[in-house]
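Just so it is clear, the structure is predicted and the values come from calculations on it, not from any experiment. One-based numbering along the sequence shown.
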Amino acid sequence: MSAIGFIGAGKCGMSLAYYFGSKGVNVVGFSSRSNNTEDFEALSCEELVRASDIIFITVTDTAIPEVWNKIRHMDLTDKVICHCSGSVSSEIFKEANPETVCSVHPMMAFNSRHTSISAISEAFFTIEGGKTAVDRLSEILSLCGNGFKVITSENKAKYHAAACFASNFVVSVCRKAFELLNECGFSEEEARAALEPLMRENMENIITVGCKNAVTGPAARGDAVTIDRHMKVLDEKTRELYRELTEVILDMEDKNEKHNLNL
């Protein structure tokens with residue numbers, strides 16, 4: 001069984017350490033500036049590298065090169081180095097053996113250093129990098145029971161953009177819905193209560209039957225009158241967002257009706 005060490009004891013690193021430990025993976029400890037490693041042994045960077053077969057660099061994206069430059073001249077024979085950035089590829093490990101470096105990204109948000117083990121167990125991971133590193137991390141994720149996909153470094157940024165659309169931008173769109181209801185006299189609490197059933201059902205439909213079969217509303221049915229009514233009451237910035245999102249639906253529905261819907 002591989003021994004895993006972490007450099008960086010933030011939300012992602014600490015949560016993954018608890019998760020891997022719960023699955024029987026040997027977590028040797030952390031190297032962290034704060035030394036707040038909770039239930040795990042605090043080690044110097046040199047000690048952690050010596051004791052680990054797989055080294056997770058779980059720091060901010062901008063700090064990854066600094067950590068790599070610190071450990072790259074140590075004895076890394078037969079060791080795998082990985083980071084957990086969603087948008088940065090393994091190419092950030094300059095002058096490394098390309099076969100033994102990778103990126104491993106869980107498609108989820110870590111909201112604390114104690115993110116639910118059950119939540120992580122359902123997370124989907126992507127792996128990108130050299131074959132030796134990818135094979136080793138695939139073994140770990142298979143042991144843990146997580147789904148995963150191997151992607152290329154060229155697709156790393158596009159993959160992360162997809163995750164942003166499915167998470168961050170969903171929040172943005174919902175925020176706009178809340179604002180419009182606020183303008184109709186709803187309090188923040190009333191807006192959330194009113195939209196919750198609709199949002200939950202819609203997301204469940206997307207997951208169950210896919211986007212094309214889940215879509216409803218005036219764009220899906222080609223209702224130009226309703227769309228025009230909406231466009232007239234929105235401010236310019238919101239109207240442009242409405243227009244672009246409507247076009248996504250029309251493209252998905254293979255409808256050539258943009259000119260008929262006053263877009």
Between the main-chain N or O of [Y] and the side-chain N or O of [X], is there a donor-acceptor pair closer than 3.5 Å?
{"X": "T132", "Y": "T100", "result": "no"}
{"X": "E99", "Y": "K131", "result": "yes"}
{"X": "D53", "Y": "A3", "result": "yes"}
{"X": "K156", "Y": "V88", "result": "yes"}
{"X": "S44", "Y": "E47", "result": "yes"}
{"X": "N146", "Y": "I120", "result": "yes"}
{"X": "T115", "Y": "S112", "result": "yes"}
{"X": "E247", "Y": "E244", "result": "no"}
{"X": "W68", "Y": "K94", "result": "yes"}
{"X": "N155", "Y": "K158", "result": "no"}

Step by step, work out the side chain to side chain contact (heavy atoms under 4.5 Å, CB included) result for R200 and E196. CA-CA 6 Å; R200 288 186 183 278; E196 179 182 355; 2.8 Å; yes
Under 6.0 Å between ring centres: does that hold for F40 and Y18?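 Between Y18 and F40, which both carry aromatic rings, the centre distance is below 6.0 Å.
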Given the rule that I, L, V, M, F, W and Y join up when any side-chain heavy atoms are under 4.5 Å apart, are [X] and [Y] in one cluster?
{"X": "V49", "Y": "L43", "answer": "yes"}
{"X": "V67", "Y": "M74", "answer": "yes"}
{"X": "V25", "Y": "F6", "answer": "yes"}
{"X": "L143", "Y": "V104", "answer": "yes"}
{"X": "M14", "Y": "M108", "answer": "yes"}

A163: side chain to side chain contact (heavy atoms under 4.5 Å, CB included) partners, not counting sequence neighbours: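 Partners of A163 by the side chain to side chain contact (heavy atoms under 4.5 Å, CB included) criterion, ordered by chain and then number, come out as M107.
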Residues in side chain to side chain contact (heavy atoms under 4.5 Å, CB included) with L234, at least two apart?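 Testing L234 for side chain to side chain contact (heavy atoms under 4.5 Å, CB included), a comparison that skips the adjacent residues, returns L180, T238, R239, Y242.
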Taking the six-membered ring for Trp, are F56 and F20 parallel (under 30°), tilted (30 to 60°) or perpendicular (over 60°)?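 Aromatic pair F56/F20 classed tilted.
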For the student: nearest non-hydrogen atoms of [X] and [Y], plus distance:
{"X": "F148", "Y": "S142", "value": "CE2-OG, 3.5 Å"}
{"X": "T58", "Y": "G13", "value": "OG1-CA, 3.4 Å"}
{"X": "S121", "Y": "Y19", "value": "CA-OH, 3.3 Å"}

Side-chain touch [X]/[Y], heavy atoms, less than 4.5 angstrom:
{"X": "E128", "Y": "V134", "value": "no"}
{"X": "F30", "Y": "I7", "value": "no"}
{"X": "I4", "Y": "N26", "value": "no"}
{"X": "C174", "Y": "M199", "value": "yes"}

Got a sec: does the [atom1] of [X] have more than 12 other heavy atoms crowding it under 6.0 Å?
{"X": "E201", "atom1": "CD", "result": "no"}
{"X": "K176", "atom1": "NZ", "result": "yes"}
{"X": "R175", "atom1": "CZ", "result": "yes"}
{"X": "D78", "atom1": "CG", "result": "no"}

Could you tell me whether K237 and E179 make a salt bridge, using a distance below 4.0 angstrom between a side-chain N and a carboxylate O?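 The answer is no: the pair does not qualify as a salt bridge.
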Regarding E139 and R136, does a basic nitrogen lie under 4.0 Å from an acidic carboxylate oxygen?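 Result for this pair is no, no salt bridge flagged.
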Can you list the steps and then say if S103 with I127 is a side chain to side chain contact (heavy atoms under 4.5 Å, CB included)? CA-CA 6 Å; S103 63; I127 316 174; over 6 Å; no
Set out, in order, the CA-CA distance, both residues' side-chain angles and the distance that settles side chain to side chain contact (heavy atoms under 4.5 Å, CB included) for H105 and C84, then state yes or no. CA-CA 5 Å; H105 183 250; C84 293; 5.6 Å; no
Checking T126 against Y159: is there a side-chain donor and acceptor pair closer than 3.5 Å?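 The criterion, which ignores hydrogens and geometry beyond distance, is satisfied for T126 and Y159.
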Could you walk me through whether I55 and C82 satisfy the side chain to side chain contact (heavy atoms under 4.5 Å, CB included) test, starting with their C-alpha distance in whole Å, then the side-chain angles of each, then the deciding distance to 0.1 Å, before giving a yes or no? CA-CA 6 Å; I55 300 159; C82 65; over 6 Å; no
